[in-house]
Protein chains: 2
Amino acid sequence: MADGQPRVRTRIQARNRAVILAAALKVFADHGRRGATLDMIGEEAGLSKPNILYYFAGKEAIYEDLLTGLLDTWLDPLRALDPGGDPMTEILGYVRAKLDLSRRLPLESRLFATEIVQGAPLIGTNLRGELRELVADRAKVIEGWAEAGRIAPVDGRHLIMSIWALTQHYADFGVQVAAVLDDADPWDAAAMHLDTLFTRMLQV
Amino acid sequence: MADGQPRVRTRIQARNRAVILAAALKVFADHGRRGATLDMIGEEAGLSKPNILYYFAGKEAIYEDLLTGLLDTWLDPLRALDPGGDPMTEILGYVRAKLDLSRRLPLESRLFATEIVQGAPLIGTNLRGELRELVADRAKVIEGWAEAGRIAPVDGRHLIMSIWALTQHYADFGVQVAAVLDDADPWDAAAMHLDTLFTRMLQV
DNA sequence: CGTGACTTTTACCGCTTGGTCAAATCGAGA
DNA sequence: TCTCGATTTGACCAAGCGGTAAAAGTCACG
């Protein structure tokens, strides 16, 4: 077993693969898919370039590993939206969960953002597959609530995308947010602002 | 006058500089600052690599030219927001203008987005300068309207950022939007959705 | 139509970068 | 402690890239 992706058996392999992925996440988020170099990742991880290539088949393989693992994390809160729950509670809960994700995992958010902005060359099929279906399903649920008069009328898919746009903005465009807000911590005010926004928009 | 940026005198210079900038916009938006190569730009422009370097001092110079010219275009609609106008009309007008900008100039929007997501290495100072001041000023106007009871209470700066996030989303994350909406044209529905969203949020 | 400036091309350079390879080193079990 | 597989390193390539130099070609104008 000389290269490629060895079976994760030993402690060292588990640890070093994790270290490399963490380092790569930072470097890819900061410099983009192409701007990142194996040397940068190596320095961040404290490993030499050939050593990194002992654990991963190549730079692209690291990027792919990172991204495919990410989509699930990203969609989990939307999966958790309960059709049987109280509409306003469920939607506001989703907004908060998504905002929390941006606050806790800003690097992941930015990595995802760059991939999408540049046309999703890698996860395009996933977008048209599981993402599309999940959104269609949840949009139906939301529009069912609207038709039942439990929330104001709304386009479910555009509502979901609005939630994405508003929550991810605070992570993806963090430097701009910081500039506008004079480096004050944005998160508490953001939570209140989005709470107000969606409450007013959806209350009957 | 052998290289660098020759004075734009001749027709050929004006035309070729424009052609190069247009080509570079597309390539930078698709591949990012680092992923773009002079050969790609050359192919897109129909010019050879050395010929491009006859008109621009280097790859970075093209990128800078593109970005610095962009910020003004991007902020113009916010400047046009009239403190003396009707609050709801002004804000909804700004939303529509910004959405229209995203629809008409998606490449520019994506170029701007990548720059910000990766930390705004080039225009960071502009963000903390003119952008910060303009937003602070307009936020004051909006909050004045709110205090006068002409619109619902709202954090002016977060409202402005919300407008940015929601409108730019349709351009920056275009492939994701297309995947979710099954490639249907998103713009009309987006305009209605955002109109509804901000009307409900701001009406007293 | 000739001339000097403007424009384009061909050939090339040096550096960076992803990746390879073989040798050296380490580490856990017999 | 010995051994063999797992891990790490140093030396090295080949390709891609930004950029340069100088010659060749083109254009406007007297």
Side-chain angles (χ1 to χ4, degrees), chain A residues 1-67 118 121-122, chain B residues 1-67 118 121-122:
Chain A
M1 197 160 298
D3 77 334
Q5 280 117 267
R7 298 285 182 281
V8 180
R9 287 180 172 134
T10 74
R11 247 162 309 167
I12 295 180
Q13 280 182 29
R15 195 196 38 152
N16 278 353
R17 279 182 65 95
V19 166
I20 290 170
L21 285 174
L25 172 63
K26 189 165 166 44
V27 175
F28 276 120
D30 280 349
H31 299 91
R33 182 179 189 164
R34 185 76 185 284
T37 74
L38 285 173
D39 284 315
M40 289 177 184
I41 297 172
E43 178 154 3
E44 185 74 27
L47 265 48
S48 69
K49 184 168 65 174
N51 203 5
I52 288 175
L53 293 170
Y54 174 71
Y55 291 102
F56 289 88
K59 181 178 138 181
E60 289 300 287
I62 304 178
Y63 184 79
E64 288 174 27
D65 238 53
L66 234 30
L67 257 193
Q118 294 187 358
L122 189 64
Chain B
M1 199 159 298
D3 78 335
Q5 280 116 269
R7 298 284 183 281
V8 180
R9 286 179 171 132
T10 76
R11 248 161 311 165
I12 296 179
Q13 282 185 25
R15 194 197 38 151
N16 279 353
R17 280 183 63 96
V19 166
I20 291 170
L21 284 175
L25 172 62
K26 189 165 166 42
V27 175
F28 276 121
D30 281 349
H31 298 92
R33 183 180 188 163
R34 186 78 183 284
T37 74
L38 285 172
D39 284 315
M40 288 177 183
I41 297 172
E43 178 155 2
E44 184 74 27
L47 265 47
S48 69
K49 184 168 67 175
N51 203 3
I52 287 173
L53 293 170
Y54 174 71
Y55 291 102
F56 289 88
K59 184 178 136 179
E60 289 300 285
I62 303 177
Y63 185 80
E64 289 174 26
D65 238 52
L66 235 28
L67 257 194
Q118 293 187 358
L122 190 64

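Proteins get letters first, then strands, A, B, ... in listed order; numbering begins at 1 in each.
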Contact nearer the 5' end of DNA chain D, comparing B:Ile12 with A:Asn16: A:Asn16

When you check the phosphate oxygens OP1 and OP2 of [N], does a side-chain N or O of [X] lie under 4.0 Å from one of them?
| X | N | answer |
| --- | --- | --- |
| A:Ser48 | D:dT8 | no |
| B:Tyr54 | C:dT8 | no |
| A:Gln13 | D:dA6 | no |
| B:Asn51 | C:dT7 | no |
| B:Tyr55 | C:dT8 | yes |

Row check, A:Phe56 ring normal vs A:Arg17 NZ/CZ: under 6.0 Å, within 45°: yes

[atom1] of [X] versus [atom2] of [N]: gap in Å, rounded?
| X | N | atom1 | atom2 | value |
| --- | --- | --- | --- | --- |
| A:His31 | C:dT16 | NE2 | P | 15 Å |
| A:Phe56 | D:dT8 | CZ | P | 13 Å |
| A:Lys59 | D:dA15 | NZ | P | 18 Å |
| A:Leu38 | C:dT20 | CG | C1' | 13 Å |
| A:Lys49 | D:dG10 | NZ | C1' | 12 Å |
| A:Ile52 | D:dT8 | CD1 | P | 11 Å |
| B:Ile41 | D:dC17 | CD1 | P | 12 Å |
| B:Arg11 | D:dC29 | CZ | C1' | 13 Å |

Looking at every strand, decide which applies to B:Arg15 at a 4.0 Å heavy-atom threshold: base, sugar-phosphate, or nothing. nothing

Which is true for A:Leu47 with a 4.0 Å heavy-atom rule: it touches a base, it touches only sugar-phosphate, or it touches nothing?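 Counting heavy atoms under 4.0 Å across all strands, no contact is made by A:Leu47.
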
Closest to the [X] side chain, choosing from [options]:
| X | options | answer |
| --- | --- | --- |
| A:Pro50 | C:dG19, C:dT20, D:dT8 | C:dT20 |
| A:Arg34 | D:dG18, D:dG16, D:dT8 | D:dG16 |
| A:Thr37 | C:dT17, D:dA6, C:dT8 | C:dT17 |
| A:Leu53 | C:dG18, C:dT20, D:dA6 | C:dT20 |

May I have all residue pairs that pass salt bridge (charged side-chain N to carboxylate O under 4.0 Å, His left out) and include part of residues 18-28 of chain B, sequence neighbours excluded? B:Lys26-B:Asp30

Is there side-chain contact between B:Leu47 and B:Tyr54, with at least one heavy-atom pair below 4.5 Å? no

Which heavy atom in B:Ala45 sits nearest to a heavy atom in B:Ile20, and how many Å separate them?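 Distance-wise, the nearest heavy atoms are CB-CA, 4.4 Å.
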
For the CD atom on A:Glu60, are there more than 12 heavy atoms of other groups (residues, nucleotides or ligands in this structure) within a distance under 6.0 Å?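 Yes, CD of A:Glu60 has more than 12 neighbouring heavy atoms, counting only those of other groups under 6.0 Å.
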
